[in-house]
Each structure stands twice: as C-alpha cells, then as structure tokens.
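Let me begin by presenting the structure, written as structure tokens, before commenting on it.
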Amino acid sequence: MLHVSDFSLRHTIESGQPLTFYSRYSNHAGTEHLAYVTSEGEINLSLKGDRLSYRFNGNYTQKTAKNEVISRLGLDDNLPDIYRQINTDIFMAGAIKGFYGMRITKNDPWEASLCFVISQFNNLKRIRGIIGNMVSEFGEDLGGTKLFPSAQALASADLSSIRACGTGFRDKYVKSVAEQFAFSFDKRKPYKMGYEDAKEKLMELDGIGDKVADCILLFGYNKLDAFPIDTWVKRVMERVYFNGRKRTIKRLHKFALDRWPKSYLGYAQQYIFWRGRENNIG
DNA sequence: ACCCAGGCGGGCG
DNA sequence: CGCCCGCATGGG
C-alpha cells in the first residue's frame, strides 16, 4: 500500500493514453480498481481515498511491483510544481481544476507505438476496440489473461489477419512498424537520446509521422518535452490563443515552447487535449 | 444521409 | 515549406 496525493486514477486512465486502450477500470462504492498486464505479470490496483494498494503475480516482487505502479502512473512526477508552471491562463486553470490529478503514464515504447499508429484518423472508442481485438488475436495466452501483442507476433502475421482486427488502411503501418521493432529498430536507444534526435529516429519508420512520434516520446519514452498536436489540441489552441485563426502545427509548437517550460510541455498538452475533448471546445 | 475521429504519405506549387 | 488529397470503419 502507498499513500498518493494529487492523483486521479480516473482522469489518468480515461484520457486517451495507452492504458485507456488495454486496461480494465471500474469504480464500486467509492473504491476504484484497475487491472492490466505487463510482460512481468498482472497488476491489480485499488484506490480508496489516498490509499493505493496493489496486488501482483508473475515475476513481480513487492519492490518491483511498487516501482512499476509508481512509474507507470506517473506518481513520481511533481504535479503541484507542474501545475504552478503550466497554469498560465484561465483555460489552463480550468483544465487543471476540471481534471485535477491527471498524470502522464509511462508505457513500453512498443506498446505506445502500436496504440498511436492505430490512433491516426481514428477515435478513442474504436482504438480501444481495435487494440482489444489485437490482444485477443495476437497476444500470448497466460492462462485466462492475454499479453499485449508482441512486435514479433504482428511482424509475422499477414496483412489480412491484422486488418481483421479493424485497423482499416492502417494495417500496412502496423505490420511495417512491427517488423522494424522486431528486427531492426533498437527500442532502447531513444531513452538515451534527446527529444529532437529521438523524434527524428522514430519518424524514419513508415507510418510514424510528427504527431505519432511525439505521442510515443511522451507516453513511451517519458520525454515530457514532447507536445503532440492532434486535431483537438490544434483547434483548441487556435480558438483559445489565436482568436480562432488557423495556425500551422509548426507555429503551434513554437507557441507552446515560448509559453510553457520545456520540461513540462507534455503535461500542458495533455490538459489542453482532455479539456478540449471533454468540454467539446474547438 | 452526413460528418468526424489523438494523421500519414505522396504529390503539387 | 504549406497545402490538398485519399485512405477504412463505426458512432453520433
């Protein structure tokens, strides 16, 4: 058990991050539950008030499970300090108030990559469905629960069976990215690279462009200086900061860099995204 | 029926 | 560089 503060499991889980797509979340009588699987085993969380307890199996020990939970849910980020630094205006203040405790999750780079390749020109409900189909179709069976599908499994699958999961035209991107993660791309490298170099590296992959690369860097490599701009973030920023005028992605990136601390850009983005989407602003 | 969704690659000027 | 297009699929 550990005590947590400034933490909302619901906002963290529901806000379009990889865990949104492959975890089970529920709330019974004021106690929230979250279950998900990693290559090391299953994690089961319960949150009541500020008490976060966790159960685990597989290779986890008390210590490694605790580290997994803290790191995965972003509990090691200093949220009060982040809020102080990104709270530059009324819109951000509203986002912080409305979604207080929402954190950036830290996920496996391959898992983040697959989720965000699927996300292109898509919506949250369908992404969740497609990832779910892929887990049951291609995930290794652990006797009851299934693992997130490996890059190797998808690399050796044929296009039609990938497409049968509902990917649509993204089938070729899924296979291509899976092949590279399985055979040539060293997913450990970007951890040691700066944001710019790592992004350039990721964008060499077919099917990974500017926005998806930023998502992978933010949610997969824990690079909080990434600022993904999707249709929601673009529209909201144009409306809130540019009086409704159209702006290029490049210019919006520059605006963000000038306005918020580089090391917290990812958090600023996540609050813009989720308030924009949940309040249907834009 | 119509519109949109956590975009990308390719082609054009 | 900026702009435009086609791309599958399902829900509002």
Side-chain angles (χ1 to χ4, degrees), chain A residues 11-23 95 99 102-107 109 111-134 137 159-180 199-221 223-224 226-240 242 245-256 265-282:
Chain A
H11 295 322
T12 301
I13 290 306
E14 290 183 345
S15 55
Q17 306 187 38
L19 279 173
T20 303
F21 310 130
Y22 59 84
S23 67
F99 304 100
M102 177 172 64
R103 289 168 185 265
I104 301 286
T105 60
K106 316 301 187 308
N107 308 270
E111 297 181 8
S113 296
L114 179 59
C115 287
F116 286 105
V117 164
I118 298 295
S119 79
Q120 64 141 312
F121 198 42
N122 215 336
N123 59 62
L124 294 184
K125 187 170 292 188
R126 279 198 73 233
I127 299 165
R128 185 180 168 85
I130 295 167
I131 294 294
N133 292 340
M134 288 192 158
E137 188 65 25
L159 269 186
S160 60
S161 59
I162 291 174
R163 192 158 191 154
C165 295
T167 60
F169 62 90
R170 308 165 193 83
D171 54 355
K172 55 185 182 294
Y173 297 147
V174 169
K175 188 170 171 65
S176 158
V177 171
E179 284 171 346
Q180 304 209 55
K199 182 169 180 178
E200 196 173 320
K201 193 88 184 149
L202 283 169
M203 287 180 64
E204 289 173 7
L205 305 182
D206 187 32
I208 295 182
D210 183 89
K211 190 268 176 182
V212 169
D214 275 333
C215 283
I216 296 169
L217 291 168
L218 180 57
F219 300 108
Y221 288 103
K223 297 201 184 297
L224 297 182
F227 189 88
I229 301 179
D230 74 318
T231 54
W232 288 101
V233 173
K234 182 170 188 294
R235 281 203 308 264
V236 171
M237 288 182 74
E238 286 167 345
R239 177 156 178 179
V240 173
F242 292 94
R245 296 187 171 279
K246 294 292 183 190
R247 290 294 182 262
T248 62
I249 300 285
K250 183 183 279 282
R251 184 156 176 192
L252 293 176
H253 268 132
K254 177 171 169 37
F255 177 87
L265 283 175
Y267 267 95
Q269 176 276 158
Q270 188 64 13
Y271 279 83
I272 293 170
F273 167 68
W274 199 236
R275 186 185 178 192
R277 194 182 175 288
E278 290 300 278
N279 297 357
N280 203 18
I281 295 169

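Heavy-atom basis, side chains included; hydrogens, waters and symmetry copies ignored. Quick note on labels: first sequence line is chain A, next is B, and so on, each numbered from 1.
Rounding to the nearest 0.5 Å gives a distance of 7.5 Å between CD1 of A:Ile229 and CG of A:Asp214.
A straight line from CD of A:Gln120 to P of B:dC8 spans 6 Å, rounded to a whole angstrom. When rounded to the nearest whole Å, the span between CD1 of A:Ile118 and C1' of C:dG10 equals 15 Å. Rounded to whole Å, the distance from CZ on A:Phe116 to P on B:dG7 is 10 Å. When rounded to the nearest whole Å, the span between CZ of A:Arg126 and P of B:dC3 equals 19 Å. Remark: P of B:dC4 and CG of A:Asn123 are 13 Å apart, rounded to the nearest angstrom. Rounded to a whole Å, the CZ atom of A:Phe169 is 13 Å from the C1' atom of C:dC5. Atom pair A:His253:NE2 and C:dC1:C1' shows a separation of 16 Å (rounding to whole Å applied). Atom CG of A:Asn280 is separated from atom P of B:dC4 by 12 Å (rounded to the nearest Å).
Closest to the side chain of A:Arg163, from the set C:dG10, C:dT9, B:dG7, is C:dT9. Of the candidates B:dC8, C:dC3, B:dA5, B:dC8 carries the atom nearest the A:Val212 side chain, counting heavy atoms from C-beta on. Which of C:dG11, C:dG2, C:dT9 sits closest to the side chain of A:Lys125 comes down to C:dG11. Distance from the side chain of A:Asp230 is smallest for B:dG7 among the nucleotides B:dG9, B:dG7, C:dG2. Of the candidate nucleotides B:dG9, B:dA5, C:dC7, B:dG9 has the atom lying nearest to any side-chain atom of A:Asp206.
Residues A:Tyr173 and A:Gln120 have side chains that never bring a donor and an acceptor to within less than 3.5 angstrom of each other.
With contacts defined as side-chain heavy-atom distances shorter than 4.5 Å, the pair A:Asn122/A:Ile130 qualifies.
Atom CZ of A:Arg235 sits in a crowded spot, with more than 12 heavy atoms from other residues, nucleotides or ligands closer than 6.0 Å. Heavy-atom neighbours of A:Lys254 NZ from other residues, nucleotides or ligands within 6.0 Å: at or below the threshold of 12.
A:Tyr267 places a side-chain N or O within 3.5 Å of a backbone atom of A:Ile104 that can act as its donor or acceptor partner.
Contact check, A:Lys250 against C:dG2: no side-chain N or O comes under 4.0 Å of OP1 or OP2. Taking only side-chain nitrogens and oxygens, A:Thr248 never comes nearer than 4.0 Å to OP1 or OP2 of C:dC1.
Annotation: of the two residues near DNA chain B, A:Val233 and A:Leu205, the 5′-most nearest-nucleotide partner is A:Val233.
Here A:Phe219 lies in heavy-atom contact (under 4.0 Å) with a base. Residue A:Arg235 is classed as a sugar-phosphate contact, given heavy-atom separations below 4.0 Å to backbone atoms only. Nucleic acid contact for A:Gly207: sugar-phosphate only, since backbone atoms but no base atoms lie under 4.0 Å from a heavy atom of the residue. Counting any heavy atom pair closer than 4.0 Å across all strands shown, A:Arg170 reaches a base atom. Nucleic acid contact for A:Ile130: none, since no nucleic acid atom lies under 4.0 Å from a heavy atom of the residue. The residue A:Ser15 sits close to a base: some heavy atom pair falls under 4.0 Å. Across all strands shown, A:Asp171 has no heavy atoms under 4.0 Å from either base or sugar-phosphate atoms.
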